[in-house]
Amino acid sequence: MSKLKFGQILLQRGYVTPDQLKKAREINIQNPRMSISEILIEMNVTSEINILSALAERMGLELIEGNIFISDTDVIKLVPEKIARKHNIIPVKIDRGRLVIAARDPTNMEIEMDVKTTSGKEVTYALATAKSISDAIEKYYANISAQNIAEGVDAEQEENVNANNEVDARVDSAPIVKLLNTLVQQAYLRKASDIHIEPFKEVVLIRMRMDGDLQEYMRITPGTHKSLITRLKILSNMNIAEKRIPLDGRFDYNFEGTTIDIRVSTLPTVYGEKAVLRLLGTALGKQVGLHDLGMSEANVKTFEHICNSPNGVVLVTGPTGSGKSTTLYTVLGNLNKPTVNITTVEDPVEKRVMGINQVQINDKAGLTFAAALRSILRQDPDVVMVGEIRDFETAEIAMRAAITGHLVLSTLHTNDACATIARLIDMGIAPYLCAAAVNGVLAQRLVKRLCPKCKKLQKLTDDQKRILTDNTIDSAYFPVGCSFCNYTGYSGRFAIHEVLELDTELRTMITRNASTEEIHDYAVKHGMKFMDENIRDRIREGDTTIEEYVRTVFTIA
């Protein structure tokens, strides 16, 4: 606790000027219901976190910056959700027998009375912003709510144990609807990319993929799992009676004014159907540019030049979950103009976009990638996007569409940009056709971003320098972990890229069937920057780590 008064601390730290503080006090006299802190924030004189920082020093309290992380979630049960929402507070931990409450205003005596009455414990405070507290309430109380909902589904399951029809009112009942809604909402709030529903002998795990890693969210019973999968199938327009083969579908979910695009995939396992829900990165409610994806200025310039060609094939390559679809939709967003006819062939259609004609593949009806592509070429398209080139037939039609005046965008699974040409030739495409049709290749990977709040600079060992193969990097940042990043050391992801643009000489090399090594050497000679160089630059800038370098590109570097 500081001996200085609150106003003196603000002045000492330079958060306010004497005139601003004087004006705030005058307003406080006229309107005593508003505190000096609230007045200063409303006047836009300083930020909420600055006010709380000064208040923490004055009162000798802990300040929680960023996200609130609660290691022992049992502490949440000590304060009812109704009380937490009423005062915008959340219990954080037990410290020497006292219940620590994260609050914005520790001078509110009603908080202490309500919490002490319900928990039976003495109360002390930690300071946090209103938003971080409300986000924590949504996150942690939803876990308890989801478990209670799942238990409600189990109880309902027991009541209906003698029902003859397995697909009955349970799948549309309030508990199962609430459970699925809670899962999607929590995944969105936690910025998760996927929800995994995985059945085992006695329990069903629900995990969420955040920043590339799976983290367990909750467990449900096998009985609840059956109703949840059926509910998912109904929403995704899948055949609810078919449980023996993998199925794919999609649905939209509206939350806080944002439409979330969700792709659903089911897979039969020995203990039931596993389901994966992918929350698409293109559903964030705003149009993103190539810079927003983490692409360097040089790569943006090269890739935009390739995509602005009137015809040719542009390929985006990388492993599953590397952000290829997000990149393609970003390009389509840039090309989507009233004067341009764009048609896509997808399986499934991931993001519905106004102004773009999107075709859903239906293998049972005979609407394959190749069949759809043939029909699309009779629809006078300017730009065609093929979700994925999977076979020779689709690849050949795409190549021939490109040399007849269409711009074709697609994805392919290869390790790097230079290997893409060899992959097409292996599929059966003639070298001369590859050379004539392909404009360029973008290869990419997703890399974890270091938490800006807690990352720590350290000297590199000789072994680490050898791994990086770059003697100019003497030190790098390493993950630590703090409340802002939920003690993972990372916060978010970005993409690393390499762009191979085909020029006249490279096309000649491909026509005479040049090897991948020859193409690579030519690219090096002409200044192409590869993914390993891209990530080394980001390590040098303090954006990511050597561990991410090893995980993503070390095997292809």
Side-chain angles (χ1 to χ4, degrees), residues 1-71 75 79 83-96 98-116 122-140 451-456 480-487 491:
M1 184 178 293
S2 173
K3 292 180 181 179
L4 295 174
K5 292 182 179 180
F6 177 60
Q8 291 174 319
I9 296 171
L10 290 173
L11 290 169
Q12 187 184 66
R13 293 188 174 193
Y15 294 157
V16 298
T17 66
D19 289 342
Q20 289 169 337
L21 187 59
K22 182 182 177 182
K23 187 175 180 181
R25 283 173 174 157
E26 289 171 355
I27 295 172
N28 177 243
I29 292 169
Q30 296 170 3
N31 187 4
R33 290 187 178 183
M34 285 186 72
S35 67
I36 297 289
S37 302
E38 291 171 329
I39 293 167
L40 288 169
I41 292 169
E42 195 167 291
M43 289 169 61
N44 289 323
V45 168
T46 189
S47 66
E48 183 183 9
I49 195 66
N50 286 346
I51 292 288
L52 291 175
S53 175
L55 193 60
E57 182 182 332
R58 175 72 182 93
M59 302 181 72
L61 297 175
E62 177 188 354
L63 175 66
I64 302 173
E65 294 188 64
N67 299 330
I68 295 172
F69 178 75
I70 302 171
S71 56
V75 76
V79 178
I83 298 293
R85 290 187 183 278
K86 176 185 174 183
H87 298 298
N88 198 35
I89 59 170
I90 190 164
V92 176
K93 60 187 175 182
I94 302 290
D95 183 20
R96 288 172 287 187
R98 287 174 171 262
L99 181 60
V100 181
I101 298 293
R104 185 173 179 258
D105 182 12
T107 61
N108 186 344
M109 297 304 295
E110 191 181 348
I111 294 175
E112 187 170 349
M113 290 172 61
D114 284 352
V115 173
K116 193 173 180 179
E122 294 296 321
V123 176
T124 186
Y125 293 95
L127 298 182
T129 64
K131 186 178 186 308
S132 61
I133 294 169
S134 60
D135 286 348
I137 289 171
E138 295 297 336
K139 176 179 176 180
Y140 288 104
C451 173
K453 300 284 186 182
C454 64
K455 62 183 181 181
K456 186 178 179 182
V480 177
C482 65
S483 61
F484 185 81
C485 60
N486 287 346
Y487 294 91
S491 179

**Request:** Taking Arg98 for its side chain and Val123 for its backbone only, find out whether a donor-acceptor pair lies under 3.5 Å.
**Result:**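 Judged by distance alone, yes, a pair lies under 3.5 Å.
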**Item:** Whether Tyr140 side chain and Ile70 backbone form a donor-acceptor pair below 3.5 Å
**Value:**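 It does hold such a pair.
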Would you say [X] and [Y] make side-chain contact, with heavy atoms under 4.5 Å?
{"X": "Ile68", "Y": "Ile133", "value": "yes"}
{"X": "Leu99", "Y": "Val75", "value": "yes"}
{"X": "Leu63", "Y": "Ile49", "value": "yes"}
{"X": "Ile101", "Y": "His87", "value": "no"}
{"X": "Leu61", "Y": "Pro106", "value": "yes"}

**Message:** Apply side chain to side chain contact (heavy atoms under 4.5 Å, CB included) to residues Ile51 and Leu10 and explain how you reach the verdict.
**Reply:** CA-CA 8 Å; Ile51 292 288; Leu10 290 173; 4.1 Å; yes
**Prompt:** Is it true that Lys131 and Glu48 make a salt bridge, defined as a side-chain N closer than 4.0 Å to a carboxylate O?
**Reply:**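 No, no charged N to carboxylate O under 4.0 Å.
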**Message:** Does atom CD (Gln8) have a neighbourhood of more than 12 heavy atoms from anything else shown, all under 6.0 Å?
**Reply:**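 Yes.
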**Request:** Kindly indicate, with the supporting measurements, whether the criterion side chain to side chain contact (heavy atoms under 4.5 Å, CB included) is fulfilled by Gln12 and Leu4.
**Result:** CA-CA 10 Å; Gln12 187 184 66; Leu4 295 174; 3.7 Å; yes
Considering all heavy atoms, the nearest [X]-[Y] contact:
{"X": "Val480", "Y": "Cys454", "value": "CG2-O, 2.9 Å"}
{"X": "Gln20", "Y": "Val45", "value": "OE1-CG1, 3.2 Å"}
{"X": "Asn88", "Y": "Ala130", "value": "ND2-O, 3.3 Å"}
{"X": "Tyr15", "Y": "Thr46", "value": "O-CB, 3.6 Å"}
{"X": "Leu127", "Y": "Arg104", "value": "CD2-O, 4.4 Å"}
{"X": "Ala102", "Y": "Val92", "value": "CB-CG2, 3.6 Å"}

Drop me the distance from [X]'s [atom1] to [Y]'s [atom2], to the nearest 0.5 angstrom.
{"X": "Leu52", "Y": "Asp105", "atom1": "CG", "atom2": "CG", "result": "9.5 Å"}
{"X": "Leu55", "Y": "Glu57", "atom1": "CG", "atom2": "CD", "result": "10.5 Å"}
{"X": "Glu26", "Y": "Leu21", "atom1": "CD", "atom2": "CG", "result": "10.5 Å"}
{"X": "Ile89", "Y": "Asp114", "atom1": "CD1", "atom2": "CG", "result": "7.5 Å"}
{"X": "Asn50", "Y": "Ser37", "atom1": "CG", "atom2": "OG", "result": "11.5 Å"}
{"X": "Met113", "Y": "Asn108", "atom1": "CE", "atom2": "CG", "result": "10.5 Å"}

**Message:** Apply side chain to side chain contact (heavy atoms under 4.5 Å, CB included) to residues Met59 and Phe6 and explain how you reach the verdict.
**Reply:** CA-CA 9 Å; Met59 302 181 72; Phe6 177 60; over 6 Å; no
**Item:** Set of residues satisfying side-chain hydrogen bond (donor to acceptor under 3.5 Å, both in side chains) with respect to Ser134, sequence neighbours excluded
**Value:**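 Here no residue qualifies.
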**Request:** Tell me, with the steps shown, if Ser53 and Arg13 meet side-chain hydrogen bond (donor to acceptor under 3.5 Å, both in side chains).
**Result:** CA-CA 10 Å; Ser53 175; Arg13 293 188 174 193; 2.3 Å; yes
**Message:** If the condition is side-chain contact (heavy atoms from CB on, under 4.5 Å), which residues does Asn31 pass it with, not counting sequence neighbours?
**Reply:**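 side-chain contact (heavy atoms from CB on, under 4.5 Å) check on Asn31 returns Arg33, Met34.
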**Request:** Let me see the working for Val100 and Ile94 under side chain to side chain contact (heavy atoms under 4.5 Å, CB included), right down to the final yes or no.
**Result:** CA-CA 6 Å; Val100 181; Ile94 302 290; over 6 Å; no
